[in-house]
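Remarks on the structure that follows.
All values below come from the heavy atoms of this structure, side chains included, with hydrogens, waters and symmetry mates left out.
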Amino acid sequence: MEEKKRIRFIDSHYHTLFSIADGDSIEIVYPDGKREERVCTYIDEYHTQVGTRVFHICEFAEIMEANGKSYCPAECKEKEERKEAVKGEKKTGTIRMERSRR
């Protein structure tokens, strides 16, 4: 069985940010906080289809940066939601502090 191809995402200086498997999704975050998920398809080492449009990986990075958008694997959204849920939970209980004996 052939291993899934990996799609590399970079910044405009060619620094690798992350990679995802062919067919996985990224989440694009707009400056106003709006979020969209896009399925990505491996074309070759330097090209990927994001949603319905094909990009050179550096072209995609440049466009995102120029428009103030950020992007991450779609799974990062789930991690972020978990963090927010933990922040929102009220922790109850008694904390007991003891003096150390010397």
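Atom CZ of Phe18 sits in a crowded spot, with more than 12 heavy atoms from other residues, nucleotides or ligands closer than 6.0 Å.
Note on Ile63 and Val54: separate hydrophobic clusters, where clusters join Ile, Leu, Val, Met, Phe, Trp and Tyr whose side-chain heavy atoms are under 4.5 Å apart, directly or indirectly. Grouping the Ile, Leu, Val, Met, Phe, Trp and Tyr side chains by contacts below 4.5 angstrom, directly or via other members, places Met64 with Tyr30.
In this structure, NE2 in His47 is found 5.0 Å from NE2 in His56, a value given to the nearest 0.5 Å. In this structure, SG in Cys40 is found 9.5 Å from CZ in Phe55, a value given to the nearest 0.5 Å. Atoms OG1 and CD1, on Thr48 and Ile57 in that order, are 9.0 Å from each other to the nearest 0.5 Å. For the atom pair CD1 (Ile20) and CD (Glu75), the distance works out to 9.0 Å, reported to the nearest 0.5 Å. Taking CD of Glu36 as the start and OG of Ser25 as the end, the distance is 12.0 Å to the nearest 0.5 Å. Summarising the geometry, atom NE2 belonging to His13 is positioned 9.0 Å from atom CD belonging to Glu62; distances are rounded to the nearest 0.5 Å.
Residues Arg38 and Ile28 share a closest heavy-atom pair of CG-CD1, 3.9 Å. Lys69 and Pro31 get closest at one heavy-atom pair: CG-CD, 4.2 Å. Annotation for Cys58 and Ser12: closest pair SG-O, 3.8 Å, computed over non-hydrogen atoms.
Of the possible polar contacts, one joining the Asp32 side chain to the Lys34 backbone as a donor-acceptor pair under 3.5 Å is found.
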Quiz item: For Val50 and Tyr71, what are the C-alpha separation, side-chain angles and deciding distance, and is it a side-chain contact (heavy atoms from CB on, under 4.5 Å)?
Solution: CA-CA 11 Å; Val50 179; Tyr71 46 98; over 6 Å; no
Self-check item: Residue pair Arg8, Tyr46: steps toward the side-chain contact (heavy atoms from CB on, under 4.5 Å) verdict
Solution: CA-CA 8 Å; Arg8 184 168 62 116; Tyr46 296 101; 3.6 Å; yes
Self-check item: Phe9/Ile26 under side-chain contact (heavy atoms from CB on, under 4.5 Å): CA gap, chis, key distance, verdict
Solution: CA-CA 10 Å; Phe9 286 86; Ile26 61 169; 3.8 Å; yes
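Put simply, the side chain of Asp22 reaches to within 4.5 Å of the side chain of Thr41, judged on heavy atoms.
A salt bridge links Glu59 with Arg53: the closest approach of a Lys/Arg side-chain nitrogen to an acidic carboxylate oxygen falls below 4.0 angstrom.
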